[in-house]
Trainee: 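I'd like to ask some things about the structure below.
FYI, side chains are in, hydrogens and waters are out, and symmetry mates aren't considered; it's all heavy atoms of this structure. Since the model is a prediction, treat every value here as computed from it, not as a measurement.
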Amino acid sequence: MSFLWGVMGGPSAGPQPSGAETIQKLCDRVASSTLLDDRRDAVRALKSLSKKYRLEVGTQAMEHLIHVLQTDRSDSEIIGYALDTLYNVISNDLEEEEQDDSEEENLTKVDDLGSQFTEIFIKQHENVTLLLTLVEEFDFHVRWPGVKLLTSLLKQQGPQVQQIILVSPMGVSRLMDLLADSREVIRNDGVLLLQQLTKSNAAIQKIVAFENAFERLLDIITEEGNSDGGIVVEDCLLLLQNLLKNNNSNQNFFKEGSYIQRMKPWFEVGDDNCGWSAQKVTNLHLMLQLVRVLVSPTNPPGATSSCQKAMFHCGLLQQLCTILMATGVPADILTETINTVSEVIRGCQMNQDYFASVNAPSNPPRPAIVVLLMSMVNERQPFVLRCAVLYCFQCFLYKNQKGQGEIVSTLLPSTIDATGNSVSAGQLLCGGLFSTDSLSNWCAAVALAHALQENATLKEQLLRVQLATSIGNPPVSLLQQCTNILSQGDKIDRRGSKVQTRVGLLMLLCTWLSNCSIAVTHFLHNPANIPFLTGQIAENLGEEEQLVQGLCALLLGISIYYNDNSLENYRKEKLKQLIEKRIGRENFIEKLGFISKHELYSRAAQKPQPGFSSPEHMMFDHEFTKLVKELEGVISKAIYKSSEEDKKEEEVKKTLEQHDNIVTQYKKVIREQDQELEELKQRVTTLMSQNEQLQATVTQQVSQIQQHKDQYNLLKVQLGKDTQHHNSHGDTFQMNGIQTEEVSKLKEELEEWKHKHELLQGQIREKDFLIEKLKSSQLEIGTTELSSQSSRSGGLEHNNELQKELEMLRSQLQLQSAEISQLLIENQKLQVMNTASDPVLGDSGAIVAKSSELEGQLEQQIKELKSEVKALSEEKESLKQHLDSSSSTVAILQDEKIKLQQEVAESKKEQDDLLVLLADQDQKLSALKIKLKDLGVPVEDEDDIESGDQGDEDEDVDEEEQD
């Protein structure tokens, strides 16, 4: 133990061994010691040396440490020391902290060393699987070092370790349990581990997402205080970005799981936004980036649209607009919020309409768009903020013809505010377009071009805009002013790049004139425009001016391609001849190609958001690059076309226009008819619903009336019975109509029964006469004559039948007499009721009370009867079910019985067939025996054979007994 004491820093005699020798001895002790305590002490000593002697410990001890992890699983302390030692050897974090920033070579060596040790460790895949198993242990001294080591492995050799974990059974799921650990240190390091695990691996990202990662991470963010939380919130947001960025499956899962709604509380800010901490700014910045990941223009359009709608419905867009208009928000957060709002509203009409209605909290209130445009054309504002406002304005107008119309309408003469109290968006754009700041010129030109994008109607309306250049001079059109500034670009003193202003104006003119023949005609109507363009294209200018030459060539090509030949001096053919003489077709095509070959053009074509490092790089707009790509080839072909081909193309265009006009008219008619049909359908639906409501009301009222009638009749009957007990004779009572009808009906029935009674009495008399006649004839015949026995017996039988019939008639007569007497009694009761006068009837209060009492009794009886009916119906249903089940059982048994009968019949038939066969065989045997006897062959009968067999058996038995 003195050796270990020397290693640990205690006093020892003699020369001290070197670090490499000490590490070798410790490795031998780990490998050869049988006692766990000795191995544990040796591993602890290696841990203490691993930071200083990283290379030596890594090369000599790694194999022994891995063996310890495999064999000493029962001792958590030694496992923890081994994991810490491996972490110190593999991780570069500790070395990077100790190194100075200037020592780049040392840092490179450190990175290589960690990468090499990682490669050695993961060469055996079982080592990573073993590490995953150790991470499952709940012991803090095992789990935490295991998490840190696995994180370090992923940092060094991410793709290889990811692949090993992916193929390991339940590998990712075991790591997801770290987020549920109650110890914050392990949970937080688990988040860092999952960050490294999910980098650039879509398969692992999907598994982590479906292991309920979104729910757990959002819960952690909420527990930590949302944007006010610490570094843990930042780590969770980075992990969420890894899971969602460029992963359409996870984005859809995030939206379908209603997790977008849980993002709204992140952006709740108060009135006092001063003094935000650096961590809060970082958290909020990451939260905004996470929203942008869900609505990025690079995502599939359907997924982006659904996320945009969800953000509007849950109030997230409204919350972002609140931050946008709040005061005291840091500049970088404000810039990122503008970019986020831009992508949330891009291409979504509902969100764009809401954004147009947002007002800034100023006096008087101004639209948010106007406030943002004021920042864009203000050269004092930061460059990134101006770029963000331009992007927001572009997204607001993207596929938004309504918004485009509103912007252009602010420039038209009929809508301009004559008082000048408020500034409109159009005025701000014009002010920026003609200011002395080149960046404002470019931003305003691009913004105005987006207001005209793919909207021929607005391009024509914008030709009506007139500008007052100076007092006393007549107003000029906006188109004319743009061309004037373009031609005088070098003469005007501007701040910034002069090329930038000219490029912005040329992009505006190209967008304005494309696909609008009327605008081309207005442009060509100015005689100075074509000479200016040809002069610019023909000159040999420097590299910066080549871009302007290319745009001039594009503008001239648009003037040719969309020319309707309405101006005689500027017909297509004459403009082509002008190019051929002054520029040359090949030279023109070459200058036109300068645009797409420019480096800044390639950058702008990559994504819609303007991403420029400096104002000088701000040359091209994303949507304009699409226009160039569309027109470059078309213009090149148009330049080389002959006049005949142009004529044919014009004819085809006219035919297509006529066809389109016809189709448009039919579409309009169909649209109107569809609208009328929809209106009629709505009216029919409304009338049907009203009719159903009225029918239901009528049915309900009829049933109520019938119920009232029944109740009224029952009350009257009950009241009549009650008055019978208190009757007093008088002459002042009058019968009502219903009782009179009942009495008359009863009298008619009584008369009918009397008539039937008389008929029956006559039949009885006839039968009595017939009986008397038969009796007298029997006395005359005599009882001693044998020949008349049969006739007498027949007469007696006939007499007996007549007597039976007589008895039946008498019984019927008695029944009818009883019914008649009953009817007479009822008649008397009714007469008594009709002729009686009760003094109680005069008391109306008593009658009402009696009626209400009777009504209550009647309702109680009805309820009891209903309950009885319900019980009987339930009993009936149960009996019916039982009967059905019994019937099915009987049917099954009958089927089985029939099958058994068929089987019995078949068996009987088979037995009969066998008996027939046996009989035939017996006959054949008998015949053969007879033939053998005839031939002299001795034949024994069956009885003899059986007796002989019995004798043999007896002999065998006797022999056995003797033995």
Trainee: Side chains of N250 and Q205: do they bring a donor and an acceptor to under 3.5 Å?
Mentor: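 Checked: N250/Q205 side chains show no N/O donor-acceptor pair below 3.5 Å.
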Trainee: Could you check V358, L372, V329 and say which one makes a side chain to side chain contact (heavy atoms under 4.5 Å, CB included) with L324?
Mentor: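 Of V358, L372, V329, side chain to side chain contact (heavy atoms under 4.5 Å, CB included) with L324 is met by L372 alone.
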Trainee: Out of curiosity, F355 CZ to F393 CZ, how far, rounded to the nearest 0.5 Å?
Mentor: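 Result: 10.0 Å between the selected atoms.
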Trainee: Are any of the side-chain heavy atoms of H450 and Y398 separated by less than 4.5 Å?
Mentor: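 The answer is no; the side chains never approach within 4.5 Å.
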Trainee: side-chain contact (heavy atoms from CB on, under 4.5 Å), that's the test. Do I518 and F523 meet it? Break it down for me.
Mentor: CA-CA 9 Å; I518 299 175; F523 179 76; over 6 Å; no
Trainee: Can you tell if the side chain of M287 reaches within under 4.5 Å of the side chain of L290, non-hydrogen atoms only?
Mentor: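 They are not in side-chain contact.
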Trainee: Between S559 and L524, what is the shortest heavy-atom contact and its length?
Mentor: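 Of all heavy-atom pairs spanning S559 and L524, the closest is CB-CD2, 4.1 Å.
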Trainee: Do L448 and L411 touch side chain to side chain, with heavy atoms closer than 4.5 Å?
Mentor: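 Side-chain contact under 4.5 Å: yes.
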Trainee: Does C516 reach the side chain of E460, with side-chain heavy atoms less than 4.5 Å apart?
Mentor: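 C516 reaches E460 side chain to side chain.
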Trainee: For the backbone of V293 and the side chain of S296, can you confirm whether one donor and one acceptor N or O come within less than 3.5 Å of each other?
Mentor: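 The answer is no, because no donor-acceptor pair under 3.5 Å joins these two groups.
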Trainee: Please report the interatomic distance CG(L479) to CH2(W512), rounded to the nearest 0.5 Å.
Mentor: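 It comes to 4.5 Å.
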Trainee: Is any side-chain heavy atom of F312 closer than 4.5 Å to one of I345?
Mentor: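 With C-beta onward as the side chain, the pair stays apart.
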Trainee: Look at the aromatic rings of F254 and Y259 and report parallel, tilted or perpendicular, splitting at 30° and 60°.
Mentor: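 Tilted: the ring planes of F254 and Y259 meet at 30° to 60°.
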Trainee: Quick one, Q427 with S424, criterion side-chain contact (heavy atoms from CB on, under 4.5 Å). Give me CA distance, side-chain angles, the key distance, then yes/no.
Mentor: CA-CA 5 Å; Q427 290 172 343; S424 66; 3.3 Å; yes
Trainee: How are the rings of F210 and F253 set to each other: parallel, tilted or perpendicular (split at 30° and 60°)?
Mentor: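 Ring orientation, 0 to 90° scale: tilted.
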Trainee: I'd like to know if the side chain of N252 and the backbone of A303 have a donor-acceptor N/O pair within less than 3.5 Å.
Mentor: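 Judged by distance alone, no pair lies under 3.5 Å.
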Trainee: Decide salt bridge (Lys or Arg N to Asp or Glu O under 4.0 Å) for E454 and K399; before the verdict, give the C-alpha distance in whole Å, the side-chain angles of both, and the deciding distance to 0.1 Å.
Mentor: CA-CA 9 Å; E454 297 179 358; K399 293 184 179 179; over 6 Å; no
Trainee: Could you pull out the closest heavy-atom pair between C430 and L467, with the gap in Å?
Mentor: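 So the minimum-distance heavy-atom pair works out to SG-CD2, 4.4 Å.
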Trainee: Is a side-chain donor or acceptor of T337 paired with a backbone partner of I323 at a separation under 3.5 angstrom?
Mentor: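 Not a single qualifying donor-acceptor pair exists.
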Trainee: CG of L458 to CD1 of I407: how many Å apart, nearest 0.5 Å?
Mentor: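 The CD1 atom of I407 is 10.5 Å from CG of L458, to the nearest 0.5 Å.
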Trainee: Atom CD1 of I260 and atom CD of Q308: how far apart are they, to the nearest 0.5 Å?
Mentor: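 So the gap between those two atoms works out to 10.0 Å.
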Trainee: If you round to the nearest 0.5 Å, how far is CG of N565 from CG of L567?
Mentor: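 It comes to 9.0 Å.
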Trainee: Hydrogens and angles aside, do D353 and Q349 bring a side-chain donor and acceptor to less than 3.5 Å of each other?
Mentor: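 On atom types as modelled, these side chains qualify, holding a pair under 3.5 Å.
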Trainee: Carefully, step by step, assess E215 and R262 under the rule salt bridge (Lys or Arg N to Asp or Glu O under 4.0 Å).
Mentor: CA-CA 10 Å; E215 184 77 27; R262 296 187 60 178; 3.0 Å; yes
Trainee: State, to 0.1 Å, how close G432 and A444 come at their nearest heavy-atom pair, and which atoms those are.
Mentor: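 Closest pair (atom of G432, atom of A444, distance): C-CB, 3.7 Å.
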Trainee: Could you tell me whether H313 atom NE2 has more than 12 heavy atoms of other residues or ligands within 6.0 Å of it?
Mentor: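 Yes, because the 6.0 Å sphere around NE2 of H313 holds more than 12 heavy atoms from other groups.
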Trainee: Any salt bridge linking R346 with E343? Criterion: basic side-chain nitrogen under 4.0 Å from a carboxylate oxygen.
Mentor: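 Not counted as a salt bridge, because no side-chain N and carboxylate O are separated by less than 4.0 Å.
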Trainee: Report yes or no: do Q609 and R292 form a side-chain donor-acceptor pair below 3.5 Å?
Mentor: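 Side-chain D/A pair, Q609 to R292: present.
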Trainee: Quick check: are there more than 12 heavy atoms from other residues, nucleotides or ligands sitting under 6.0 Å from NZ of K255?
Mentor: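 Above 12, so yes.
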Trainee: Would you mind reporting whether Q695 and N691 have side-chain heavy atoms less than 4.5 Å apart?
Mentor: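 Sidechains of Q695 and N691: in contact.
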Trainee: Side-chain contact, heavy-atom cut-off 4.5 Å: S342 with Y391?
Mentor: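 Sidechains of Y391 and S342: in contact.
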Trainee: Any sub-3.5 Å donor-acceptor pair from Q319's side-chain atoms to K264's backbone N or O?
Mentor: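 Not a single qualifying donor-acceptor pair exists.
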Trainee: Distance check, rounded to the nearest 0.5 Å: T685 atom OG1 versus R683 atom CZ?
Mentor: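 If we round to the nearest 0.5 Å, T685:OG1 and R683:CZ are 11.5 Å apart.
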Trainee: I'd like to know if D621 and K626 make a salt bridge, using a cut-off of under 4.0 Å between side-chain N and carboxylate O.
Mentor: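 No salt bridge links D621 with K626.
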Trainee: Do S305 side-chain atoms and P301 backbone N/O form a donor-acceptor pair below 3.5 Å?
Mentor: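 The answer is no, because no donor-acceptor pair under 3.5 Å joins these two groups.
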Trainee: Heavy atoms only: give me the nearest I338-C392 pair and the separation to one decimal.
Mentor: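 In terms of heavy atoms, the two residues are closest at CG2-CB, 3.7 Å.
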Trainee: Using only heavy-atom distances, determine whether the side chains of N247 and S249 contain a donor-acceptor pair under 3.5 Å.
Mentor: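 No, no side-chain donor-acceptor pair sits under 3.5 Å.
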Trainee: Are F267 and V291 side-chain neighbours, meaning at least one heavy-atom pair lies under 4.5 Å?
Mentor: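 They are in side-chain contact.
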Trainee: Can any side-chain N or O of H622 pair as donor or acceptor with the backbone N or O of A604 at less than 3.5 Å?
Mentor: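 Checking the backbone N and O of A604 against the side chain of H622, a donor-acceptor pair under 3.5 Å is found.
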Trainee: Does Q289 reach the main-chain N or O of T340 with its side chain, forming a donor-acceptor pair under 3.5 Å?
Mentor: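 No, Q289 side chain to T340 backbone: no donor-acceptor pair under 3.5 Å.
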Trainee: Take S258 and Q261, measure what side-chain contact (heavy atoms from CB on, under 4.5 Å) needs, and give me the verdict at the end.
Mentor: CA-CA 6 Å; S258 300; Q261 288 81 339; 3.8 Å; yes
Trainee: On a heavy-atom basis, which atom in L218 and which in L240 lie closest, and how many Å separate them?
Mentor: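 That closest heavy-atom pairing would be CD2-CD1, 4.3 Å.
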Trainee: Keeping the roles fixed (side chain from Q251, backbone from L294), state whether a donor-acceptor pair exists under 3.5 Å.
Mentor: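 The answer is no, because no donor-acceptor pair under 3.5 Å joins these two groups.
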Trainee: Ignoring hydrogens and geometry, is there a side-chain-to-backbone donor-acceptor pair from K459 to S514 under 3.5 Å?
Mentor: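 Yes: the side chain of K459 pairs with the backbone of S514.
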Trainee: Looking at residues at least two apart in the chain, or sitting in another chain, which of them share a side-chain hydrogen bond (donor to acceptor under 3.5 Å, both in side chains) with N351?
Mentor: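 side-chain hydrogen bond (donor to acceptor under 3.5 Å, both in side chains) check on N351 returns nothing, list empty.
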Trainee: What is the minimum heavy-atom distance between C482 and L508, and which atoms define it?
Mentor: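 Looks like SG-CD2, 4.1 Å.
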Trainee: Does the side-chain contact (heavy atoms from CB on, under 4.5 Å) test come out yes or no for L555 and L513, once each step is laid out?
Mentor: CA-CA 8 Å; L555 184 58; L513 268 60; 3.8 Å; yes
